2 protein chains.
Amino acid sequence: MEASKSKKQTILEAAAELFRDRGYVATSMRDLADAVQLKASSLYNHISGKEEILQTICFQNANRFLAGMKEIEKRPINNTDKVKALIHLHIQIATEDFTSITAFNDEWRHLSDPELSRFKELRRDYELRFKSIIQAGIDAGEFVSVDTTIALFTIISAVRWIYDWFKPNRAISMDQLEEQIERILLGGLGVKGV
Amino acid sequence: MEASKSKKQTILEAAAELFRDRGYVATSMRDLADAVQLKASSLYNHISGKEEILQTICFQNANRFLAGMKEIEKRPINNTDKVKALIHLHIQIATEDFTSITAFNDEWRHLSDPELSRFKELRRDYELRFKSIIQAGIDAGEFVSVDTTIALFTIISAVRWIYDWFKPNRAISMDQLEEQIERILLGGLGVKGV
DNA sequence: CCTACCGATCGGTAGG
DNA sequence: CCTACCGATCGGTAGG
């Protein structure tokens with residue numbers, strides 16, 4: 001059970017790739033079966049249905065972001081460095097696991113309740129925690145006084161689509177990518193000498 | 001033909017709304033027919049098929065962005081003001097027409113060739129024009145020296161998802177929204193006193 | 001893990 | 001603009 005990648009894991013990874021390329025709805029169980037060299041009916045020996053796959057991808061990533069957030073919250077650093085760490089977290093997840101992150105970003109709305117509501121709650125929790133850090137940074141005089149909602153979504157959106165256009169093989173290294181995005185976003189918050 | 005909104009226009013608007021809420025693939029012609037009080041077969045008296053609707057939405061918006069870009073390019077203003085005008089353009093389109101803009105942003109990949117290739121070309125053209133303005137701003141000493149690709153996509157992404165979270169009825173007015181986003185993004189490019 | 005198959009639904013057409 | 005209907009494909013199950 002630990003020997004090699006389990007068949008279930010293989011299925012989940014192939015599904016994430018198909019969901020990214022064609023979307024959840026446009027990916028059929030037969031497409032997925034072909035990708036893992038199985039007949040469609042055999043998939044059901046490993047998973048309970050199509051939506052279980054989507055649920056797994058969505059909640060795995062949601063939990064990853066939240067775990068990263070909670071770890072960063074506990075660090076004894078100022079708010080500027082926390083925002084930097086969060087930008088780093090987003091970029092790291094987006095570049096490390098860019099297949100499943102696309103499905104996570106774009107396909108969660110095809111979840112059914114109660115999972116859909118639970119997913120939205122997790123996302124909202126994450127956003128509120130992020131917003132608190134921005135607010136704390138403003139209160140501490142680290143950032144200029146901006147609307148925290150606008151700042152939050154500007155930052156999240158700016159890093160959200162990295163997987164869409166960042167090709168790791170380009171003239172830009174991952175470190176440069178991160179340094180420049182930090183400079184633009186933190187510079188925008190009025191932090192000097194980012 | 002000019003008396004009231006044509007039936008075709010009604011269908012296109014209902015489709016944009018359904019595509020936004022459920023996605024292109026998950027919206028059936030029967031869903032759409034119900035929304036405009038018709039039988040599915042009657043839709044084909046107004047449109048040639050499902051994909052024509054998607055094409056119309058995608059290219060209408062692509063042309064709107066490009067027309068705005070070309071108008072801004074011609075203005076006798078500096079690059080800082082051009083970037084401001086482009087941010088204004090994105091925010092304006094996103095808030096004015098936020099239904100079809102969602103379909104435009106998220107569903108274009110379901111186009112088939114040759115329309116898919118044509119759409120990507122239009123988008124690339126827009127991006128290159130935007131990038132040229134950023135580069136010109138750097139050359140003129142208006143912006144700090146950043147990677148133009150990173151700056152371009154950071155800006156585009158940051159304004160791309162406004163329709164996702166901006167509720168016009170909130171405590172933030174559209175002018176405030178725009179002013180604050182400009183401040184964050186242009187501040188990030190090193191422009192003083194935005 | 002497969003063959004065989006289910007009812008439901010898809011985009012679209014024929015014909016009036 | 002409708003009724004009636006087409007072949008294709010969907011997610012999933014029965015049974016071995």
Side-chain angles (χ1 to χ4, degrees), chain A residues 1 3-59 103 106-116, chain B residues 1 3-59 103 106-116:
Chain A
M1 200 181 271
S4 73
K5 202 158 58 179
S6 75
K7 197 79 190 174
K8 179 162 185 174
Q9 193 56 34
T10 308
I11 291 169
L12 289 172
E13 287 171 18
E17 205 168 323
L18 288 165
F19 293 172
R20 178 197 62 189
D21 293 339
R22 317 179 186 179
Y24 175 72
V25 182
T27 299
S28 76
M29 295 304 272
R30 282 153 182 89
D31 293 334
L32 177 56
D34 285 348
V36 295
Q37 321 240 57
L38 241 44
K39 295 295 171 185
S41 59
S42 301
L43 292 171
Y44 295 87
N45 291 317
H46 301 96
I47 48 143
S48 67
K50 194 182 180 186
E51 193 164 330
E52 189 208 321
I53 300 173
L54 184 61
Q55 286 168 17
T56 305
I57 292 172
C58 289
F59 286 102
D106 297 339
E107 308 297 336
W108 59 265
R109 63 176 163 159
H110 297 295
L111 290 169
S112 310
D113 271 323
E115 284 79 16
L116 179 60
Chain B
M1 200 179 273
S4 75
K5 202 158 58 181
S6 74
K7 196 78 190 177
K8 180 162 181 172
Q9 193 55 36
T10 307
I11 291 170
L12 288 172
E13 287 172 18
E17 204 169 323
L18 288 165
F19 292 173
R20 178 197 61 192
D21 293 340
R22 317 178 187 180
Y24 174 73
V25 183
T27 299
S28 74
M29 294 305 270
R30 284 152 181 90
D31 293 335
L32 177 55
D34 285 347
V36 296
Q37 320 240 56
L38 241 44
K39 295 296 172 183
S41 58
S42 302
L43 292 171
Y44 294 89
N45 291 315
H46 301 96
I47 48 143
S48 67
K50 194 182 180 187
E51 193 164 331
E52 189 208 321
I53 301 174
L54 184 62
Q55 286 169 18
T56 305
I57 293 172
C58 289
F59 287 102
D106 296 340
E107 307 297 337
W108 59 267
R109 64 175 164 161
H110 297 294
L111 290 170
S112 310
D113 272 323
E115 285 78 17
L116 179 60

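Since the model is a prediction, treat every value here as computed from it, not as a measurement. Proteins come first, then strands; the chains are lettered A, B, ... in the order of their sequence lines, and each starts at number 1.
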Atom CZ of A:R30 and atom CG of A:L38: how far apart are they, to the nearest 0.5 Å? 13.0 Å

Whole angstroms only, please: what is the CD1-P distance between A:I11 and D:dG12? 13 Å

Value in whole Å for how far the P atom of D:dG12 lies from CD1 of A:I53: 9 Å

Candidate nucleotides C:dC1, D:dG11, C:dA4, ranked by approach to the side chain of A:K50 - the nearest: D:dG11

Taken to the nearest whole Å, CZ/A:R30 to P/C:dT9 is 16 Å

Using 30° and 60° as the class boundaries, would you call the ring planes of B:Y24 and B:H110 parallel, tilted or perpendicular? parallel

Please figure out whether A:N45 or A:V25 has its closest DNA chain D nucleotide nearer the 5' end. A:V25

Please state whether the phosphate of C:dC2, meaning OP1 or OP2, lies under 4.0 angstrom from any side-chain nitrogen or oxygen of A:S42. yes

Atom NE2 of A:H110 and atom P of D:dG11: how far apart are they, to the nearest Å? 13 Å

For C:dG15, the Watson-Crick or wobble counterpart (both distances under 3.5 Å): D:dC2

When we call it a touch if two heavy atoms are under 4.0 Å apart, what does B:T27 touch: a base, just sugar-phosphate, or nothing? sugar-phosphate

Sugar-phosphate only, base, or nothing, as touched by A:S28 at under 4.0 Å among non-hydrogen atoms: sugar-phosphate

Could you state the atom-to-atom distance from OH of B:Y44 to P of D:dT3 in whole Å? 16 Å

Nearest to the side chain of B:L38 - C:dT3, C:dG12, D:dC2? D:dC2

Spacing of B:L111 atom CG and B:L54 atom CG [to the nearest 0.5 Å]: 4.5 Å

Just how far, in rounded Å, is P of C:dG12 from NE2 of B:H46? 16 Å

Atom NZ of A:K39 and atom P of D:dG11 are separated, to the nearest Å, by 16 Å

Any chance you could measure A:I11, atom CD1, to A:L43, atom CG, to the nearest 0.5 Å? 5.0 Å

A:M29 has an atom CE; how far is it from atom C1' of C:dT9, in whole Å? 17 Å

After noting the C-alpha distance and the side-chain angles of A:D31 and A:S28, does the key distance pass the side-chain hydrogen bond (donor to acceptor under 3.5 Å, both in side chains) rule? CA-CA 5 Å; A:D31 293 334; A:S28 76; 3.3 Å; yes

